[in-house]
Amino acid sequence: DTEVTQTPKHLVMGMTNKKSLKCEQHMGHRAMYWYKQKAKKPPELMFVYSYEKLSINESVPSRFSPECPNSSLLNLHLHALQPEDSALYLCASSQRLAGGADTQYFGPGTRLTVL
Amino acid sequence: AQTVTQSQPEMSVQEAETVTLSCTYDTSESDYYLFWYKQPPSRQMILVIRQEAYKQQNATENRFSVNFQKAAKSFSLKISDSQLGDAAMYFCAYRDGGGSNYKLTFGKGTLLTVNP
C-alpha cells in the first residue's frame, strides 16, 4: 500500500483565519515532506521531517508552521496567509531521508484558496 | 546545482500510438536516481518509473519504458499503446544518491494530451 492521504481536499480561508492541513501515511515511512505547487508548475519543497524532527525548512515564511505529532501524521498550520499563498499543497513520504533510492510517494493534495 | 530540463511543454498523441517525452539533466555526480511522475487533473503525483544511474538496463513498467543515456545525460519516457488515462502533466525528477539527499529536482513538466 503506497497511500498518502490528505485532508481537506479543498480549503478556502480569509487572511485572518487560522487553519490546518493534515497528512497521514501508514507505510512506516520515517521521512515526510510538504510541497507547494502553483498551477502548471513543478512542486516546490517547503519542509522535510525525518523521524518526527524537522530536518529542512526551505526558507518558508513563518505564517506556515509544520508539525509532526507522530510518525504517521504531518500537519501544516496556516495563519495570516496572503492571496499569493493560494496553491496546491502536497504531502509526500519516503522510507527514510538519507541515501538510497527512497521514492517519495505523494498524497492527492489540498487546494488552498486565500481570499 | 543540478538542473532538469523538459524541452516539450506540451505533447499530443493518438490513442493506441506511442509517444516519447524528453528529459535532460545536468549533474557532476556519478550516483543518482531519476524519476518520472505523472500528475493527472485529479492532482495526485503518481510515480511512473524510476531509474538508478548505476544500472545500465533501462527501467520498464508495463507500457512505460525509459531510454537512459548516462553519457548524454538524457532520460526520456516512452509510453506505448497510449490510453486516454495517460493524459496528464509528466514531471521528470532527479535526486542525488548519497548522504542526506532529500531533494527532488523537478523539470518544468510536459503536458500530454491523448486524442481518441
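Every chain is numbered from 1, with letters handed out A, B, ... down the list of sequences. None of these values were measured; they are calculated from a predicted model.
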Tell me if the [atom1] atom of [X] is crowded by more than 12 foreign heavy atoms within 6.0 Å.
X       : atom1 : result
B/Lys55 : NZ    : no
B/Lys70 : NZ    : yes
B/Asn62 : CG    : no
A/Gln82 : CD    : yes
A/Glu84 : CD    : yes

Let me check something: do [X] and [Y] share a hydrophobic cluster, defined by ILVMFWY side-chain heavy atoms less than 4.5 Å apart, either directly or through other members?
X       : Y       : result
A/Val60 : A/Leu54 : yes
B/Tyr33 : A/Leu45 : yes
B/Phe91 : B/Leu47 : yes
B/Val4  : B/Tyr90 : yes
A/Leu73 : A/Tyr51 : no

### Task
Just do the side chain to side chain contact (heavy atoms under 4.5 Å, CB included) check on B/Phe35 and A/Gln104 with the steps written out, would you?
CA-CA 10 Å; B/Phe35 306 85; A/Gln104 292 184 28; over 6 Å; no
Rounded distance (nearest 0.5 Å) linking atom [atom1] of [X] with atom [atom2] of [Y]:
X        : Y       : atom1 : atom2 : value
A/Phe106 : B/Ile46 : CZ    : CD1   : 11.5 Å
A/Thr103 : B/Arg50 : OG1   : CZ    : 3.5 Å
B/Gln39  : A/Lys40 : CD    : NZ    : 12.5 Å

### Query
Relative to chain B, which of A/Gln37, A/Lys41, A/Glu44 shows the most heavy atom pairs under 4.5 Å?
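The answer is A/Gln37.
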### Query
Is chain B contacted by the side chain of A/Glu58, its backbone, both, or neither, given a heavy-atom distance below 4.5 Å?
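When you check distances to chain B, only side chain atoms of A/Glu58 fall under 4.5 Å.
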### Contacts with chain B made by residues 8-21 of chain A (heavy-atom distance under 4.5 Å), listed by residue number
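So far as heavy atoms go, A/Lys9, A/His10 are the residues that approach chain B to under 4.5 Å.
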### Query
Counting N and O atoms only, with roles assigned by atom type, does the side chain of B/Gln44 sit under 3.5 Å from a partner on the main chain of A/Gly109, one being a donor and the other an acceptor?
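Checked: no pair found.
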### Query
Shortest non-hydrogen contact from B/Phe106 to A/Pro43?
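Nearest heavy atoms, B/Phe106 then A/Pro43: CD1-O, 3.8 Å.
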### Task
Mind listing the closest non-hydrogen atom pair of A/Tyr33 and B/Arg95 along with its distance?
OH-NH1, 4.2 Å
### Message
What part of B/Tyr32 gets within 4.5 angstrom of chain A, counting heavy atoms only: side chain, backbone, both, or neither?
### Response
neither
### Message
For B/Met89, which atoms come within 4.5 Å of any heavy atom of chain A: side chain, backbone, both, or neither?
### Response
side chain
